[in-house]
Amino acid sequence: MSLEKIYIVRHGFRTAWTVDNKGNYRSHIPSPTGIPADPPLTSHGIEQAAELARHLATLTPAVEVVYSSPYYRCLQTINPFVKLQAGAAAAGTLPSRAADTVRIRGEHGVCEWFGAAPFEHPQPADAAELHELFPAYDTEFVSPVKPRVRGETYAQLVARVREAMRALIQRCDDEGRRSVVICSHAAVIIVLGRVLTGQHPEEMDTEDFKAFTCGLSVYARGGASSSNAVGKSDNGESGNTTLAS
């Protein structure tokens with residue numbers, strides 16, 4: 001069985017950080033990882049994540065595997081859903097096809113976008129530390145794609161997301177997954193929409209795909225209409241979309 005749907009969600013409302021032109025990052029509220037550019041959710045974001053978890057549990061087809069950017073805010077957003085799934089598993093009510101939804105695979109290919117700079121940007125915490133913070137974090141999974149440490153141009157971001165999604169879709173096909181949920185960041189989610197549909201605007205800041213906090217976009221598989229597409233889609237929770245094989 002091959003992949004039918006990709007569910008893409010953005011992290012919840014987060015706390016803020018700043019950076020100067022020398023690459024010095026500062027956060028207003030300390031992150032549990034100790035990384036200034038890795039902020040936690042606000043109380044509102046935590047409420048959003050709980051609501052999102054309940055909604056994700058109602059989707060059809062049901063989520064069968066979970067991927068997330070390894071930044072804290074994304075893991076904190078998707079973790080309530082994974083906890084719900086773990087509770088269902090303990091109660092014996094989780095379908096066998098959803099057995100792997102009690103784990104989170106850290107996918108660096110959908111990490112935050114930092115613009116190209118003469119300095120190195122902060123990186124996510126390592127897998128061992130993230131597993132301590134989120135016991136569902138899968139320390140065995142190794143992402144095949146990672147962003148450049150000194151940031152990326154827009155073209156490099158598009159190439160990174162395209163490569164990551166091709167690998168992820170192929171992995172889902174190989175594992176017989178019907179559906180997957182991916183938690184990521186605003187700019188990356190916009191590029192995901194463009195990569196999956198092949199609809200690339202002339203100007204990168206064109207308003208096309210939306211990325212609201214804890215918003216959900218659905219991409220349904222079909223025939224790609226562009227040689228540049230990893231798919232074709234209408235963005236939004238009820239959107240019909242296509243993914244390239």
Exercise. Judged by modelled atom types alone, do T213 and H11 share a side-chain donor-acceptor pair under 3.5 Å?
Worked result: no
Quick check against the 3.5 Å criterion: does [X] have a side-chain atom that pairs as donor or acceptor with the backbone of [Y]?
X    : Y    : value
R150 : P118 : yes
T77  : A49  : no
H108 : S143 : no
T60  : A62  : no
T42  : F13  : yes
R73  : P40  : no
E152 : A116 : no

If you group Ile, Leu, Val, Met, Phe, Trp and Tyr by side-chain heavy-atom gaps below 4.5 Å, do [X] and [Y] land in one group?
X    : Y    : answer
L84  : V102 : no
L133 : I78  : yes
W113 : V161 : yes
L94  : V66  : no

Problem set entry | Closest non-hydrogen atom pair between A164 and G109, with its separation |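 Shortest heavy-atom separation between A164 and G109 comes out as CB-CA, 3.6 Å.
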Problem set entry | Nearest atoms (heavy-atom pairs only) where F81 meets A53 |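 Where F81 meets A53 most closely, the heavy atoms are N-CB, 3.3 Å.
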Mind checking the [atom1]-[atom2] spacing from [X] to [Y]? Nearest 0.5 Å is all I need.
X    : Y    : atom1 : atom2 : result
L56  : L52  : CG    : CG    : 4.0 Å
K83  : T101 : NZ    : OG1   : 15.0 Å
I169 : R177 : CD1   : CZ    : 14.5 Å
S184 : I8   : OG    : CD1   : 8.0 Å
L3   : C172 : CG    : SG    : 5.0 Å
E140 : R103 : CD    : CZ    : 7.5 Å

Problem set entry | Basic-acidic side-chain contact under 4.0 Å: E4, R178 | no
For this session: Would you mind checking if K5 and E64 are paired as a salt bridge, meaning a charged N to carboxylate O distance below 4.0 Å?
Result: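 Result for this pair is no, no salt bridge flagged.
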Exercise. Got a sec, which residues hit salt bridge (charged side-chain N to carboxylate O under 4.0 Å, His left out) with R10, two or more places apart in sequence or on another chain?
Worked result: none
Between [X] and [Y], is any pair of side-chain heavy atoms under 4.5 Å apart?
X    : Y    : answer
T15  : H28  : no
E47  : H44  : yes
R160 : V191 : no
R14  : Y72  : no

Problem set entry | Non-neighbouring partners of S31 that pass side-chain hydrogen bond (donor to acceptor under 3.5 Å, both in side chains), sequence neighbours left out |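 Expected list: T33.
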Exercise. Can you list the residues that meet the side-chain hydrogen bond (donor to acceptor under 3.5 Å, both in side chains) rule with N79, with sequence neighbours excluded?
Worked result: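 For N79 there are no side-chain hydrogen bond (donor to acceptor under 3.5 Å, both in side chains) partners, ignoring immediate neighbours.
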Could you list the residues that satisfy side-chain contact (heavy atoms from CB on, under 4.5 Å) with [X], not counting sequence neighbours?
X    : answer
R171 : Y67, R105, E107, F141, P144, A167, L168, E175
D205 : E203
P201 : R194, T206, D208

For this session: Determine the interplanar angle of the F114 and Y25 rings, folded into 0 to 90°, and report it as parallel if under 30°, tilted if 30 to 60°, perpendicular if over 60°.
Result: perpendicular
Exercise. Angle class for the F209/Y219 ring planes (parallel below 30°, perpendicular above 60°, tilted otherwise)?
Worked result: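 Answer is tilted, since the angle falls between 30° and 60°.
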For this session: State which residue, out of V180, L59, I182, fulfils the side chain to side chain contact (heavy atoms under 4.5 Å, CB included) condition with Y7.
Result: L59
Exercise. Among I104, V82, V9, V181, whose side chain to side chain contact (heavy atoms under 4.5 Å, CB included) with S68 holds?
Worked result: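 Answer after filtering I104, V82, V9, V181: I104.
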